[in-house]
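Working notes for the structure below.
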Amino acid sequence: MVDIRVTDLTEMNAGNFCLAGWDQAGQRMVRPLPNGGNWTMAMLQHFGIVPGSLLRITPSGNANGEYPHLTEDTRIELGGITSIPAQAMQWFGPNAPTTAATVADAFQGQLQHNKQFRGVNQGNYVARGTHSRSLWGVTIPRANISFSTEFEKLKATVVDASGAYQLAVSSHALKAIWRNGGVQAIQRALPQSGQLHVRVGLARAYNVAPDRCSAMVNGVYW
């Protein structure tokens, strides 16, 4: 059995979700795949899963994915999940999920980009098949993240010591705020100062870019 604190809850297509969490004992990220697949809203509601939830899972067999996602992919059976009452999630401090100083470090130096526009790296990705993390966190000042709507999609620009990155936003919570009130609603929802714990992850390669796993913002916490 493995206990994880849910850190990433992201939207996929067709009403599916991806969930991942921090394994404190193993000091690693885990992406539990129910019956080898994605999560539905009904599954999330059944177990009361939100960011910060504590889940006890039982790995079952081997995941069928490929790297970089295979680093964290963990096949589980729904019947082997227990939702455990827990104190509020700590995003900073000794018991918090480990973070990197930069987005590049989060992906262990494997991040690439298509182009740069006005000093911001665009089309950030890790090559399909790369042996690296596909999930991690970054700690940045509040002033170093901003949001915009580009071609009807929510984007975040993250600035750190290694550069500036425009990333798609996949976070379920942030996208729900955006759909209801736009970028301004996100700006109001976040604190105006201080440090932020920003979750970053990689999308699986798909038809439009079959050789690339695009980088995304999976959540923002404080």
Side-chain angles (χ1 to χ4, degrees), residues 1-99 106-107 131-138 168-177 179 197-206 213-222:
M1 293 185 294
V2 179
D3 289 351
I4 64 170
R5 292 296 293 261
V6 176
T7 55
D8 301 52
L9 181 56
T10 60
E11 295 184 1
M12 304 179 71
N13 58 3
N16 291 317
F17 298 85
C18 183
L19 182 153
W22 178 248
D23 169 12
Q24 180 70 25
Q27 291 289 292
R28 65 188 181 111
M29 287 297 299
V30 174
R31 183 185 292 107
L33 304 173
N35 304 320
N38 298 317
W39 295 77
T40 65
M41 179 57 74
M43 293 177 188
L44 298 175
Q45 291 175 341
H46 176 76
F47 293 102
I49 296 173
V50 296
S53 294
L54 178 59
L55 301 180
R56 180 162 293 159
I57 60 174
T58 302
S60 174
N62 296 319
N64 295 320
E66 58 186 358
Y67 287 101
H69 292 79
L70 196 55
T71 302
E72 300 91 6
D73 282 356
T74 304
R75 182 187 175 94
I76 64 170
E77 302 298 329
L78 278 178
I81 300 173
T82 303
S83 183
I84 304 172
Q87 295 180 342
M89 181 74 176
Q90 295 183 19
W91 295 105
F92 300 95
N95 295 322
T98 301
T99 61
F107 299 115
H131 285 244
S132 75
R133 295 186 290 242
S134 69
L135 296 163
W136 209 247
V138 180
V169 177
S170 58
S171 161
H172 175 53
L174 289 176
K175 292 184 80 170
I177 295 171
R179 282 191 289 263
H197 180 127
V198 179
R199 304 300 308 172
V200 291
L202 300 175
R204 296 184 192 271
Y206 64 106
C213 300
S214 298
M216 311 174 296
V217 169
N218 288 356
V220 178
Y221 306 104
W222 56 92

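Scope of the values below: all heavy atoms of this structure, side chains included, with no hydrogens, waters or symmetry mates. In this text the structure is predicted, and so the values were computed from the model without any measurement. Just so you know, residue 1 is the first one in the sequence shown, and it goes up from there.
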Using distance only, find each side-chain donor-acceptor pair of residues 35-44 under 3.5 Å and give its atom names and separation, not counting sequence neighbours.
unit_1 : atom_1 : unit_2 : atom_2 : d
W39    : NE1    : P32    : O      : 2.9
T40    : OG1    : M43    : N      : 3.2

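Here R5 pairs with L54, A86, M89 under the side-chain contact (heavy atoms from CB on, under 4.5 Å) rule; sequence neighbours left out. Taking the side-chain contact (heavy atoms from CB on, under 4.5 Å) definition, one finds that T99 meets it with T139, H197, sequence neighbours left out. By the salt bridge (Lys or Arg N to Asp or Glu O under 4.0 Å) test, R133 is found to be paired with no residue, residues two or more places apart in sequence or in another chain being considered. Residues passing the side-chain contact (heavy atoms from CB on, under 4.5 Å) test with Y206, sequence neighbours excluded: V208. Residues satisfying the side-chain contact (heavy atoms from CB on, under 4.5 Å) criterion with S132, sequence neighbours excluded, are P68, Q108, Q110, V126, T130.
Contact detail for L135 and A20: the closest heavy-atom pair is CD1-CB, 3.5 Å. Residues D73 and A63 share a closest heavy-atom pair of CB-CB, 3.7 Å. Annotation for A106 and V138: closest pair CB-CG2, 4.0 Å, computed over non-hydrogen atoms. Considering all non-hydrogen atoms of both residues, W136 and M29 come closest at CE3-CG, 4.0 Å.
Counting only distance, with no hydrogens or angles, the side chain of S83 and the backbone of F47 share a donor-acceptor pair below 3.5 Å. Without hydrogens or angle criteria, Y221 side chain to F92 main chain gives no donor-acceptor distance under 3.5 Å.
Here the side chains of M1 and I57 are not in contact, with every heavy-atom distance at 4.5 Å or above. For the pair R31/S134, a side-chain contact is recorded, criterion being any heavy-atom separation below 4.5 Å from C-beta on. At a threshold of 4.5 Å between non-hydrogen side-chain atoms, the residues L78 and P34 count as touching.
Between the CD atom in Q90 and the CG atom in N95 there is a gap of 5.0 Å [rounded to 0.5 Å].
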Fill in: Derivation and outcome, side chain to side chain contact (heavy atoms under 4.5 Å, CB included), residues I76 and L33
CA-CA 6 Å; I76 64 170; L33 304 173; 5.8 Å; no
Practice prompt. Would you sort out whether T82 and L55 count as a side chain to side chain contact (heavy atoms under 4.5 Å, CB included), showing the intermediate values?
Written response: CA-CA 6 Å; T82 303; L55 301 180; over 6 Å; no
Discussion item. As a quick check of understanding, evaluate side chain to side chain contact (heavy atoms under 4.5 Å, CB included) for C213 and R204, giving each step before the final call.
Written reply: CA-CA 5 Å; C213 300; R204 296 184 192 271; 5.7 Å; no
Item to complete: Tell me, with the steps shown, if T98 and W22 meet side chain to side chain contact (heavy atoms under 4.5 Å, CB included).
Response: CA-CA 9 Å; T98 301; W22 178 248; 3.5 Å; yes
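Atom CD of Q87 sits in a sparse spot, with 12 or fewer heavy atoms from other residues, nucleotides or ligands closer than 6.0 Å.
Screening V200, T10, L9 against S170 for a side chain to side chain contact (heavy atoms under 4.5 Å, CB included) leaves a single residue, T10.
For residues 62-71, every residue pair satisfying the side-chain hydrogen bond (donor to acceptor under 3.5 Å, both in side chains) rule, not counting sequence neighbours, is listed here: E66-R128. For the salt bridge (charged side-chain N to carboxylate O under 4.0 Å, His left out) condition, the pairs that include at least one residue of residues 7-17, sequence neighbours left out, are D8-R199, E11-K175, E11-R179. Sorted pairs that involve residues 79-93 and meet salt bridge (charged side-chain N to carboxylate O under 4.0 Å, His left out), not counting sequence neighbours, are lacking altogether. Sequence neighbours left out, the pairs with a member in residues 45-61 that pass side-chain hydrogen bond (donor to acceptor under 3.5 Å, both in side chains) are D3-R56, S60-E77. The salt bridge (charged side-chain N to carboxylate O under 4.0 Å, His left out) analysis of residues 34-49, with sequence neighbours excluded, yields no pairs. Sequence neighbours left out, the pairs with a member in residues 21-30 that pass salt bridge (charged side-chain N to carboxylate O under 4.0 Å, His left out) are D23-R28.
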